[in-house]
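To start, the structure under review is shown below, and the notes come after it.
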Amino acid sequence: MSTPNRRILVTGAAGEIGHGLVSALSSDPDVKLIAIDLRDPGEAVREHLDDLHLGDICDRGFVENVVTMHEVTEIVHLAALLSTRAEHVPEKAHEVNVDGTFNLLRIAAEQALSFDRVVKFTVPSSIAVYGLSPQEKALGGKVGLDECLRPVTMYGANKLYCEALGRYYGRHYRSLTHDGPPPVDFRCLRLPGVLAAETKPTGGTSDFVPEMIHAAASGTPYECFVSEVTCIPWMTMPECVESTLQLLQADAVPQCVYNVASFSASAGEVEAALRTHFPDLQVTYEPHPGRQAMVNTWPDDVDVTAAIHDWGYEPRWNLESALSEYIVPAVRRHYAAH
Ligand code: SER
């Protein structure tokens, strides 16, 4: 049997995006799928993988071994500590989010140079890179890619730096001495809050809406940790997976980093829309001061026109259609089966 042309390494495969992404990637016969995670991702992920390596992305020798052993051509780096979790262990978060990404970028560059072939690299970034002042937040509306980049969280600071690090490896690597194209083709999606019906998030600060959805479907009262008016941009997990694959597969793109989001909605708006599907939904609002303060620095919405223009990103759903066409049927199926 011939070796597949695309040999893709996915880190953090056990996480929420990992679940969706590995199953989408495994349908391509030209892809060999290799995963790294600290823990076993379970059968639902494992069944789609050609190989699984359990270990730490901060362990350079381990990662180097995996990348060279499989002659990896693309890396999708999902392993990260999200914003709430990162505030409890900021130094650890820096290690995983920054050192882990640096490790992988460095290994990707070495791999590219030794095989004389560019390695594609993508890592999700986040709306946490923004840090709006109360006045800027009160203005509402769409925030551009280069505006208000003053993150207040360790996670946001880590992600903003990783965008810059990726831009360095992807556009400016060893600019004084390196001839030829940069070794890494770096592409990054700045994600909004992501809504998955089949998995529950942990450790994020945008978790209030996914938690509300899962509480609605499981008939559990929900105490929301931010106020009713708290508003950020969102997309569904199928849109997140599709746009990640679309960006990975696009021809050369002019920017390294793109905003994506489908709709903007507050906790109260989601509650009202969810109630039309789950009339018994019980939600109370008990804002946690720290988590509320973090989310208050994130934009209500982001400008996605560059993604639409440069590689055909298409926001598929608004709040109502996302609920009726994906979230509600899928979350009902999920709770019927579990
Ligand atoms: N979902 C992330 C978090 O809540 C933000 O992008 O940390």
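In each ligand, atom 1 is the first atom listed, and ligand 1 is the first ligand listed.
Between Arg291 and Glu87 there is no salt bridge, since no side-chain nitrogen of the basic residue lies less than 4.0 Å from a carboxylate oxygen of the acidic one.
With Tyr168 as the aromatic partner, Arg174 does not meet the cation-pi criteria of under 6.0 angstrom to the ring centre and within 45 degrees of the ring axis. Both the sub-6.0 Å distance and the 45° axial angle are satisfied by Arg332 relative to the ring of Phe278.
Here is the list of ligand 1 atoms found below 4.0 Å of a heavy atom in Gly204: 3 (C), 4 (O), 7 (O).
Ser126 OG, 3.3 Å is the protein heavy atom nearest to atom 5 (C) of ligand 1. Looking from atom 1 (N) of ligand 1 to the surrounding protein, the closest heavy atom is Ser206 OG, 2.9 Å. Thr205 N, 2.6 Å is the protein heavy atom nearest to atom 4 (O) of ligand 1.
With a 4.0 Å cut-off on non-hydrogen atoms, Ser83 touches ligand 1 through its backbone as well as its side chain.
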If you apply the rule salt bridge (Lys or Arg N to Asp or Glu O under 4.0 Å), what do you find for Glu74 with Arg6, and how did you get there? CA-CA 7 Å; Glu74 294 171 50; Arg6 299 178 68 196; 2.7 Å; yes
Carefully, step by step, assess Glu136 and Arg150 under the rule salt bridge (Lys or Arg N to Asp or Glu O under 4.0 Å). CA-CA 12 Å; Glu136 287 163 339; Arg150 301 179 298 261; 2.4 Å; yes
